[in-house]
**Q** 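Okay, handing you the structure first.
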Protein chains: 2
Amino acid sequence: MTRAQRAVLAALAHDDTFRSAQDIHAQLRDSDSAVGLTSVYRALQSLVEARVVDVVRTSSGELTYRRCGSDEHHHHLVCTGCGATVEVEAPAIERWVAEVATEHGYVVASHTLEVTGTCRSCAEM
Amino acid sequence: MTRAQRAVLAALAHDDTFRSAQDIHAQLRDSDSAVGLTSVYRALQSLVEARVVDVVRTSSGELTYRRCGSDEHHHHLVCTGCGATVEVEAPAIERWVAEVATEHGYVVASHTLEVTGTCRSCAEM
DNA sequence: TTATCTGCAAACATTTTGCAGCGAG
DNA sequence: CTCGCTGCAAAATGTTTGCAGATAA
């Protein structure tokens with residue numbers, strides 16, 4: 001594990017919402033463990049490959065990252081207010097996807113399911 | 001409806017796979033109804049707003065467009081080989097999303113579900 | 001030393017915007 | 001004349017790459 005990877009992981013440990021690479025880089029810039037933007041991107045790529053962090057593309061096309069809890073396949077429930085995230089496993093969905101695909105003669109390669117909404121505490125405001 | 005919108009729609013009528021804006025622009029460039037890239041983007045934006053075309057972001061971040069069949073909320077089954085697309089409605093998924101969200105105290109704002117795989121004819125090759 | 005990591009600057013790709021000209025009503 | 005449509009060129013954005021120097025095994 002490289003210095004950049006350690007720094008990025010530390011930044012992600014901070015909270016568990018999805019953060020952009022630029023965001024992480026900015027946070028690190030002013031800390032004692034500053035890392036170049038390039039290295040942040042490279043570290044994130046490795047960490048995603050190692051399944052240590054999840055990556056989700058926002059609706060505006062930006063990639064965002066988050067330390068992930070399990071290396072099982074899972075989906076996310078993301079609060080648009082505060083960024084809080086719940087990881088959910090969804091065997092029913094996996095089954096449904098396979099079924100519908102077969103029904104149309106498709107062999108599934110991959111699928112994505114992301115849900116955004118407002119969490120309880122943000123809804124109260 | 002503007003000239004650009006008509007041209008883009010005509011290009012999309014050609015086949016019913018998801019195409020990038022650049023792709024559509026290139027196709028039109030050599031036709032008798034050439035349109036500037038800017039106008040292609042602007043036309044696509046309007047058409048998406050009018051729910052005449054669907055938009056899906058590829059895993060590489062590119063936006064792709066396709067004439068869409070219904071203005072009901074639906075999901076896609078996209079063949080990675082030939083781009084063939086099936087629109088599927090999924091009441092079961094909608095229900096599941098709402099349920100899981102409620103369970104975690106979330107109010108759903110939106111969700112995306114895209115499935116990619118190989119269609120029958122591409123699998124045979 | 002040899003391989004790997006780092007980070008600046010530059011390249012890249014896609015999409016958006018500023019603005020002047022054009023054309024329809 | 002006026003207003004919206006057009007499209008070039010330039011900006012903006014987010015990400016990746018080339019490369020030379022730093023670092024570590």
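Predicted model only: the values in this text are computed from it and were never measured. Chain naming here is simple, since letters A, B, ... match the order of the sequence lines and numbering starts at 1 in each.
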**Q** Are any of B:R3's side-chain N or O atoms less than 4.0 Å away from OP1 or OP2 of D:dG4?
**A** no

**Q** Distance check, rounded to the nearest 0.5 Å: A:R57 atom CZ versus B:T112 atom OG1?
**A** 12.5 Å

**Q** Identify the two heavy atoms, one from B:A7 and one from B:L28, that lie closest to each other, and give their separation to 0.1 Å.
**A** O-CD2, 3.8 Å

**Q** Side chain of A:V35: nearest nucleotide among C:dT6, C:dT15, C:dG7?
**A** C:dG7

**Q** Rounded to the nearest angstrom, tell me the gap between atom CZ in B:R6 and atom C1' in C:dA24.
**A** 12 Å

**Q** How long is the straight-line distance from OH of B:Y106 back to OG1 of A:T85, given to the nearest 0.5 Å?
**A** 6.0 Å

**Q** Starting the side chain at C-beta, find the nucleotide from D:dG14, C:dT15, D:dT6 nearest to B:A21.
**A** C:dT15

**Q** What N/O pairs connect the protein and nucleotides 9-11 of chain C at under 3.5 Å? Give each pair on its own line.
**A**
none

**Q** Name the one of B:V56, B:V52, B:V55, B:V8 that satisfies side-chain contact (heavy atoms from CB on, under 4.5 Å) with B:Y65?
**A** B:V55

**Q** Measure the distance from CE on B:M1 to P on C:dA24 and round it to the nearest whole Å.
**A** 18 Å

**Q** Output the rounded distance in Å from CD1 (B:I24) to C1' (C:dT15).
**A** 14 Å

**Q** From A:Q22 CD over to A:T64 OG1, what is the distance, rounded to the nearest 0.5 angstrom?
**A** 12.5 Å

**Q** From C:dT15, D:dG14, C:dT6, pick the nucleotide closest to the side chain of A:Q22?
**A** D:dG14

**Q** With a 4.5 Å heavy-atom cut-off, do B:H104 and A:V88 have their side chains touching?
**A** yes

**Q** Report the distance from atom CG of B:D23 to atom C1' of C:dT14, rounded to the nearest whole Å.
**A** 14 Å

**Q** From C-beta outward on B:R42, which listed nucleotide comes closest to its side chain: C:dG18, C:dG7, C:dT15?
**A** C:dG18

**Q** Nearest 0.5 Å, what's the CG-CG distance between A:L9 and A:L44?
**A** 9.0 Å

**Q** Find the distance B:R57:CZ to D:dG14:P and express it as a whole number of Å.
**A** 11 Å

**Q** Which parts of residues 60-67 of chain A get close to DNA chain D, meaning a heavy atom less than 4.0 angstrom away?
**A** A:E62, A:L63

**Q** Quickly work out the A:Q45 CD to D:dT17 P distance and round it to whole Å.
**A** 7 Å

**Q** A side-chain contact here means heavy atoms from C-beta on lying under 4.5 Å apart; do B:L12 and B:I24 qualify?
**A** yes

**Q** Ignoring backbone atoms, test whether B:S39 places a side-chain nitrogen or oxygen under 4.0 Å from the OP1 or OP2 oxygen of D:dC5.
**A** no

**Q** Rounded to whole angstrom units, what separation is found between the CG atom of B:L44 and the P atom of D:dG7?
**A** 14 Å

**Q** Give, for atom NE2 of A:H75 and atom CD1 of A:I93, the distance between the pair rounded to the nearest 0.5 Å.
**A** 7.0 Å

**Q** Give, for atom CZ of B:R3 and atom OG of B:S33, the distance between the pair rounded to the nearest 0.5 Å.
**A** 8.0 Å

**Q** Check this one for me: any side-chain N or O of A:Y41 less than 4.0 Å away from OP1 or OP2 of D:dT16?
**A** no

**Q** When we call it a touch if two heavy atoms are under 4.0 Å apart, what does B:Q5 touch: a base, just sugar-phosphate, or nothing?
**A** nothing

**Q** Report yes if a side-chain nitrogen or oxygen of B:S20 is closer than 4.0 Å to either non-bridging phosphate oxygen (OP1 or OP2) of C:dT14; otherwise report no.
**A** no

**Q** Starting from C1' on D:dC8, measure out to CZ on B:R29 and report it in whole angstrom.
**A** 13 Å

